[in-house]
Engineer: 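Handing you this structure, nothing more for now.
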2 protein chains.
Amino acid sequence: MPAAARKKPVKRRRSPIQSRGQATVDAIVEAAAQILARKGPAAATTNAVAARAGVSIGTLYQYFADREALLQEIGRRHVAEMQAVLADALTGIDGLALPAAVDRLVAAIVAMHRVAPRLHQALHQSLARDHLDTIDAFEVAVEAMVSQALAGRAELDLAHPALTATVLVRGLGGLIRTTLRREPERLDDPALALAMRAMILGTLGESRRRA
Amino acid sequence: MPAAARKKPVKRRRSPIQSRGQATVDAIVEAAAQILARKGPAAATTNAVAARAGVSIGTLYQYFADREALLQEIGRRHVAEMQAVLADALTGIDGLALPAAVDRLVAAIVAMHRVAPRLHQALHQSLARDHLDTIDAFEVAVEAMVSQALAGRAELDLAHPALTATVLVRGLGGLIRTTLRREPERLDDPALALAMRAMILGTLGESRRRA
DNA sequence: CGAGGATCTGAGCAAAGGCTCATTTTCTTT
DNA sequence: AAAGAAAATGAGCCTTTGCTCAGATCCTCG
C-alpha cells in the first residue's frame with residue numbers, strides 16, 4: 001500500500017447497501033430536518049444531528065461528504081414533497097371553470113407551503129447564497145407550469161402569459177412566506193384566501209391583451 | 001480595588017464622544033455592510049470587519065457589545081435609508097389620479113429595494129430568526145402607510161383596505177426580492193413594471209366592496 | 001461457522017471565530 | 001504643560017464545530 005498522496009482515504013457518501021444503512025440515512029436526514037425546523041440553521045451542527053439521529057458522528061460522514069451535502073439532501077427531499085403536494089392539489093384543474101380553478105390554485109399553493117413551513121424557512125436561510133439551486137429550480141418549474149396553464153386558457157387572452165405567471169407565482173410565494181414568518185396562524189384565515197383570490201383574478205383581468 | 005465579581009469590567013458600546021470616535025464607528029459599520037453585501041453573512045466576521053475598517057478588533061468591541069449589535073446597527077441604518085427613499089418617492093402621491101399614483105408606487109417600491117439590494121438580502125438572511133425586528137417593524141409600517149393611503153381613496157371603495165394593503169405590500173415585496181435574487185438585471189425591465197402595475201390595479205379592482 | 005464486506009463508533013485534531021484586557025497612544029482642558 | 005479621559009491596539013484565550021481515522025461490531029452468504 002503506497003502511502004502516496006491520498007486526498008480521500010475513505011470514499012465518503014457511500015450508498016447504503018443493506019436496509020440498515022438506508023434506515024440510518026433516513027434517521028440522519030430526519031433528525032437534521034427537525035433541528036433545522038425547530039431551532040434554525042445555526043443549531044443544526046453535524047454533531048447535534050448525529051446525536052439526535054442516534055448515530056455517531058462518524059456514521060454521518062459515512063453517508064454525507066460534508067454538512068453541505070446533508071443540507072442539500074434535505075432540500076431535495078423537501079422540494080420533492082412540495083412538488084407532490086402541489087401536483088396532487090392541482091389534478092383536474094384544467095377542467096374547472098376559472099373561478100373554481102383559481103380557488104384550487106390558491107389552496108394548492110397554500111397547502112404546498114404548509115408541508116413544512118419552518119423547514120422551508122430554514123432552508124431558504126441556510127441554503128441561500130449557495131445551494132438554493134434545488135429550491136430555485138423548483139420555483140422555476142412552478143412558474144413554467146403556471147405559465148403553461150395560463151396560456152392554455154384562451155378565455156384569459158393574456159398578453160404575456162409567462163410574465164403574468166412570474167408575477168403571480170413570485171408574488172404569492174412572497175406573500176405566503178412573509179405571512180408564514182410573521183403571522184403563521186393567519187394562513188388559515190379565510191379572508192386571506194379571498195384576498196389572494198382577488199389578487200389573482202384581478203391580475204389576470206388586468207393582464208389581458210386589450211385592457 | 002475589590003476584586004469582587006465583576007461581570008463587565010469594561011462598559012462596552014461606549015458612545016463616541018470625540019469626532020474621531022464617530023468616524024471610527026462609521027468606518028466599522030460601513031466596512032461591515034460592504035462585506036455583508038459582497039460576500040454574505042458568513043464572511044462578515046468581526047475580525048474581517050475590523051481589518052477592512054482599518055481598526056483593531058479591540059476598537060470594534062469598544063463600540064459594539066457583540067457581533068449581533070453590529071448587525072443590528074447595520075439593519076437600523078439600512079431601514080432608515082429605505083424609509084427615506086420611500087418617503088421621497090412618495091411625496092405628493094395623494095394628489096395624483098389613480099393610474100399615475102400606482103405608477104409612482106411601483107417606482108417607489110422598486111427604488112426602495114434598489115438602495116442596497118445585496119445588503120438587503122444579506123440582512124434578511126443573517127438577521128432572520130433573531131433580529132428581523134427592525135426590518136419587520138419597517139415592513140409593518142409600510143403596510144400601515146399603504147393601508148392608510150388606500151382607505152383615503154373613496155373611489156376605490158375597498159372592502160378591507162388593510163387586508164388589501166397587506167396582500168399588495170407583501171406580494172410586491174416578495175416578487176421584488178425573488179427577482180432581485182434570481183434575475184437582478186430584470187428589475188429594470190419596463191415590462192415587469194407594467195406587470196406589477198397590472199397586478200396592483202387588478203387587485204384593487206377586484207377588492208372593491210361590491211365586485 | 002467463518003470470512004469479508006458493510007456499518008458503526010467516538011476521542012480528538014485543526015481551524016475558525018468571538019471576544020478580553022493590559023497597555024499604549026491621542027486628545028482635551030485647564 | 002500635564003493630568004486625565006477617550007480612543008485604539010493586538011496577542012491570544014476559549015469555545016465551537018466540521019471532520020478524520022483506527023478499530024470494533026454487525027450481516028450476509030457460501
Side-chain angles (χ1 to χ4, degrees), chain A residues 1 3 5-29 31-32 35-36 39-74 126 130-131, chain B residues 1 3 5-29 31-32 35-36 39-74 126 130-131:
Chain A
M1 66 291 282
R6 309 203 92 227
K7 275 346 178 34
K8 311 217 168 182
V10 180
K11 188 74 167 276
R12 260 63 211 291
R13 180 83 235 240
R14 95 185 309 149
S15 304
I17 305 264
Q18 309 173 355
S19 66
R20 165 171 70 136
Q22 186 55 54
T24 300
V25 170
D26 288 347
I28 292 172
V29 173
I35 297 178
L36 219 46
K39 307 196 184 162
T45 67
T46 53
N47 283 292
V49 169
R52 172 163 215 118
V55 303
S56 78
I57 186 65
T59 297
L60 188 155
Y61 279 97
Q62 193 119 48
Y63 296 108
F64 298 95
D66 50 30
R67 199 183 106 111
E68 267 315 308
L70 174 55
L71 292 182
Q72 273 181 272
E73 175 61 23
I74 294 176
S126 48
D130 295 321
H131 316 270
Chain B
M1 63 292 281
R6 311 202 91 227
K7 276 342 177 38
K8 311 215 168 184
V10 180
K11 188 73 166 281
R12 260 63 213 288
R13 178 82 234 236
R14 96 184 309 147
S15 307
I17 306 262
Q18 310 173 355
S19 66
R20 162 172 73 135
Q22 185 55 56
T24 301
V25 169
D26 289 345
I28 292 171
V29 174
I35 298 179
L36 219 46
K39 307 195 184 162
T45 68
T46 53
N47 283 291
V49 169
R52 171 162 217 120
V55 303
S56 74
I57 339 101
T59 296
L60 188 156
Y61 279 97
Q62 191 119 48
Y63 296 108
F64 298 94
D66 51 29
R67 199 183 105 110
E68 267 314 309
L70 175 55
L71 292 182
Q72 272 182 272
E73 175 62 22
I74 295 176
S126 48
D130 295 321
H131 315 269

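Predicted, not measured: the structure shown is a model, and the values here were computed from it. Residue numbers start from 1 in every chain, and the chains themselves are labelled A, B, ... in the order their sequence lines are given, proteins ahead of strands.
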Engineer: Could you tell me the separation between the CD1 atom of B:Ile17 and the C1' atom of C:dT26, rounded to a whole number of Å?
Structural biologist: 15 Å
Engineer: Taking the side chain as everything from C-beta on, heavy atoms only, tell me whether A:Tyr61 gets closer than 4.5 Å to A:Thr46.
Structural biologist: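 Side-chain contact under 4.5 Å: yes.
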Engineer: Would you name the heavy atoms of B:Ala43 and B:Ile35 that are closest together and state the gap between them?
Structural biologist: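 Heavy atoms only, the tightest pair is O-CG2, 3.6 Å.
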Engineer: Taking atom C1' of C:dT25 as reference, at what distance in whole Å does atom CD of B:Gln62 sit?
Structural biologist: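 Value for this atom pair: 13 Å.
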Engineer: Donor-acceptor pair, distance only, cut-off 3.5 Å: does the side chain of B:Arg52 make one with the backbone of B:Asn47?
Structural biologist: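 It does not hold such a pair.
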Engineer: A:Ser19 or B:Ser15: which one's nearest nucleotide on DNA chain D is closer to the 5' end?
Structural biologist: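 The 5'-side residue here is B:Ser15.
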Engineer: Can you tell me the distance, in whole Å, between the CG atom of A:Leu60 and the P atom of D:dT17?
Structural biologist: 15 Å
Engineer: Between C:dT25 atom P and B:Gln18 atom CD, what is the distance in whole Å?
Structural biologist: 17 Å
Engineer: When you measure from the side-chain N and O atoms of A:Thr46 to the phosphate of D:dG18, is any distance below 4.0 Å, counting only OP1 and OP2?
Structural biologist: yes
Engineer: Both A:Thr24 and B:Arg20 contact DNA chain C. Taking the nearest nucleotide for each, which residue is further toward the 5' end?
Structural biologist: A:Thr24
Engineer: So what does A:Ile57 touch, heavy atoms closer than 4.0 Å: a base, only the sugar-phosphate, or nothing?
Structural biologist: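 Answer is base: heavy atoms of A:Ile57 come under 4.0 Å of a base.
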Engineer: What does B:Thr59 touch in the nucleic acid at a heavy-atom separation under 4.0 angstrom: a base, only the sugar-phosphate, or nothing?
Structural biologist: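 Counting heavy atoms under 4.0 Å across all strands, the contact made by B:Thr59 includes a base.
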Engineer: Does A:Ser56 put a side-chain nitrogen or oxygen below 4.0 Å from OP1 or OP2 of C:dG10?
Structural biologist: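 Looking at the OP1 and OP2 atoms of C:dG10, neither is under 4.0 Å from any side-chain N or O of A:Ser56.
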Engineer: Can you measure B:Ile28 atom CD1 to D:dA8 atom C1' for me and round it to whole angstrom units?
Structural biologist: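 After rounding, the reported distance stands at 10 Å.
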Engineer: Could you give the CZ-to-P distance, from B:Arg67 to C:dT20, as a whole number of Å?
Structural biologist: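 For the pair B:Arg67 CZ and C:dT20 P, the rounded distance is 15 Å.
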Engineer: So if I apply the side-chain contact (heavy atoms from CB on, under 4.5 Å) rule between B:Phe64 and each of B:Val49, B:Val29, B:Leu71, which one comes out positive?
Structural biologist: B:Val29
Engineer: What is the minimum heavy-atom distance between A:Ile28 and A:Ala53, and which atoms define it?
Structural biologist: CA-CB, 3.8 Å
Engineer: Write down the distance between OH (A:Tyr61) and P (D:dT17), rounded to a whole number of angstrom.
Structural biologist: 12 Å
Engineer: Please give, in whole Å, the distance from D:dC26 P to A:Gln22 CD?
Structural biologist: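 Going from A:Gln22 (CD) to D:dC26 (P), I get 21 Å.
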Engineer: Kindly point out which of D:dG18, D:dA8, C:dC8 is positioned nearest to the side chain of B:Tyr63?
Structural biologist: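 So the side chain of B:Tyr63 is nearest to D:dA8.
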